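Computed from a predicted structure; not experimentally measured. Reckoned from all heavy atoms, side chains included, excluding hydrogens, waters and symmetry mates. Chain identifiers are assigned alphabetically (A, B, ...) following the order of the sequence lines, protein sequences preceding nucleic acid strands; residue numbering begins at 1 within each chain.
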Amino acid sequence: MRIATWNVNSVKARLPRLRSWLAEREPDVLLVQETKATDESWPATELAELGYESVHHGTGRWNGVAILSRVGLADVTRGLTAEPGFGGSTEARAIGATCAGVRLWSIYVPNGRTVGSDHFGYKLSFLRALREQCAAERAELGLAAPYGLLGDFNVAPTDADVWDITAFDGFTHVTPEERSAVVEIQRAAGADEALIDLMPRASADPRDERRPYTFWEMRMLGFQKGRGMRIDLALVSKSLADRTQAVWVDRDARKGEGPSDHAPLVLDLD
DNA sequence: ATGTCGTGCAAAGCACGA
C-alpha cells in the first residue's frame, strides 16, 4: 500500500499535475493540503473517474484539506474537536478518515507568519489542539492501531531540516516553541508509544543521499538554489512505521511547468 | 532584489497569503 501527502497549493491550478501524478505514482491514499477550494468546487467527479473516492473540507480561497482513497474511506472527521479559530472563524486545516484499517489525518498547520504575532499564537494553539485530538483518538483506538498524522506542519523538526539554519535566525518554523509542540504531539499517547517522524530520502532514487526537503520557496528561485525545508511530515505509530518499507520525497514533482511549492512525501508500506 | 505564485474583487491592477 502506498500513502502520500502533498500540499498542492490550489487544486484548481494543480489539477492537471495532480491527475498525471496520480496516474504515474498510483498512491492508494493521498492526503492533500491547501486545496483553496470549497466543498462545491472540489473535483470529486474527476477524481472518481481516476478511481479515487474523496472527501474535502474547505471554504475556498485559503486552506482546505482532503483525502483521496482507492482502498476505502470511512469514519470521516472534519476539523479538530478543540480546533482554534483565527480572525473570529475556524479554518479548514484538518480532516481525518480510516482507509484500509489505517487511521489517517491530512493536516495543514498555520504558517505562523512572524514570531510572537497573533498568527504565531494561533499556530501553537492549533498544534495543542492536534495533540489533544491525537491523545483522545489513540486512547480510543488502542495504541497498537495503525495511526498517522500527515501533512504540512510548517515546522522543521531539527536544524538539519532547513538548507541553512543561520538564514532562519528569528524566523518561524525553527523555533524551540514550534519544535517542542510537534514533539508533544508525537508523545500525546505517552513516550513509549510516541509517533515516529519518518525520515524520507530526498527523491525516488534509492541512491540519493542529499538532505530530504519537501518545500522550496517560489520566491528567489528557492528550488533552483537548493534552498529547501523539510516541513511536510509523516508522524506515525510504531505499528504503521513497522510496515513502512520506504519513505521518499517525490522531488521530480517540484520540477517543470506550474509546480506546487511542495513536493509529495510518499510512504510505501508492506 | 519585496525577485513567484494563486485567489478574489472588481477589473485588465491590486491586496492578501504563503
Checklist entry - Residues two or more places apart in sequence or in another chain: which of them pass ring pair (Phe, Tyr, Trp, His ring centres under 6.0 Å) with Phe215(A)? => result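 Testing Phe215(A) for ring pair (Phe, Tyr, Trp, His ring centres under 6.0 Å), a comparison that skips the adjacent residues, returns His262(A).
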Which whole number of Å gives the distance between the [atom1] atom of [N] and that of [M]?
N       : M       : atom1 : value
dC16(B) : dA10(B) : P     : 14 Å
dA18(B) : dA12(B) : C1'   : 25 Å
dG8(B)  : dT2(B)  : P     : 28 Å

Item to check | DNA chain B contacts made by residues 157-165 of chain A, counting heavy atoms under 4.0 Å | outcome: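 By residue number: none to list.
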Checklist entry - Which pairs count as salt bridge (charged side-chain N to carboxylate O under 4.0 Å, His left out) when at least one residue sits in residues 132-157 of chain A, sequence neighbours excluded? => result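 Of all non-adjacent pairs touching residues 132-157 of chain A, those that pass salt bridge (charged side-chain N to carboxylate O under 4.0 Å, His left out) are Arg103(A)-Glu137(A), Arg138(A)-Glu193(A).
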Checklist entry - Other than Trp6(A), which residues form its hydrophobic cluster under the rule that side-chain heavy atoms must be closer than 4.5 Å? => result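 Reading the cluster by chain and number, Trp6(A) sits alongside Val8(A), Val11(A), Leu15(A), Leu18(A), Trp21(A), Leu22(A), Leu30(A), Val32(A), Trp42(A), Leu47(A), Leu50(A), Tyr52(A), Leu68(A), Trp248(A), Val266(A).
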Who are the salt bridge (charged side-chain N to carboxylate O under 4.0 Å, His left out) partners of [X], not counting sequence neighbours?
X         : result
Asp161(A) : Arg230(A)
Arg254(A) : none
Asp250(A) : Arg25(A)

Item to check | Atom-to-atom span, CD of Glu257(A) to C1' of dC5(B) - whole angstrom | outcome: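 That distance rounds to 13 Å.
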Checklist entry - Is Asp28(A) salt-bridged to Arg2(A), going by a charged N under 4.0 Å from an acidic O? => result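 No, this pair does not count.
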Checklist entry - Applying side chain to side chain donor-acceptor pair (under 3.5 Å), which residue pairs with at least one partner in residues 57-69 of chain A are found, sequence neighbours left out? => result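 Only Asn63(A)-Arg93(A) qualify under side chain to side chain donor-acceptor pair (under 3.5 Å).
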Checklist entry - Could you run down nucleotides 6-18 of chain B 5' to 3' and tag each one B, S or - for protein heavy-atom contact under 4.0 Å? => result SBB------B-SB
Checklist entry - Taking the chi torsion of dA11(B), is it syn (within 90° of 0) or anti (everything else)? => result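 In terms of base orientation relative to the sugar, dA11(B) is anti.
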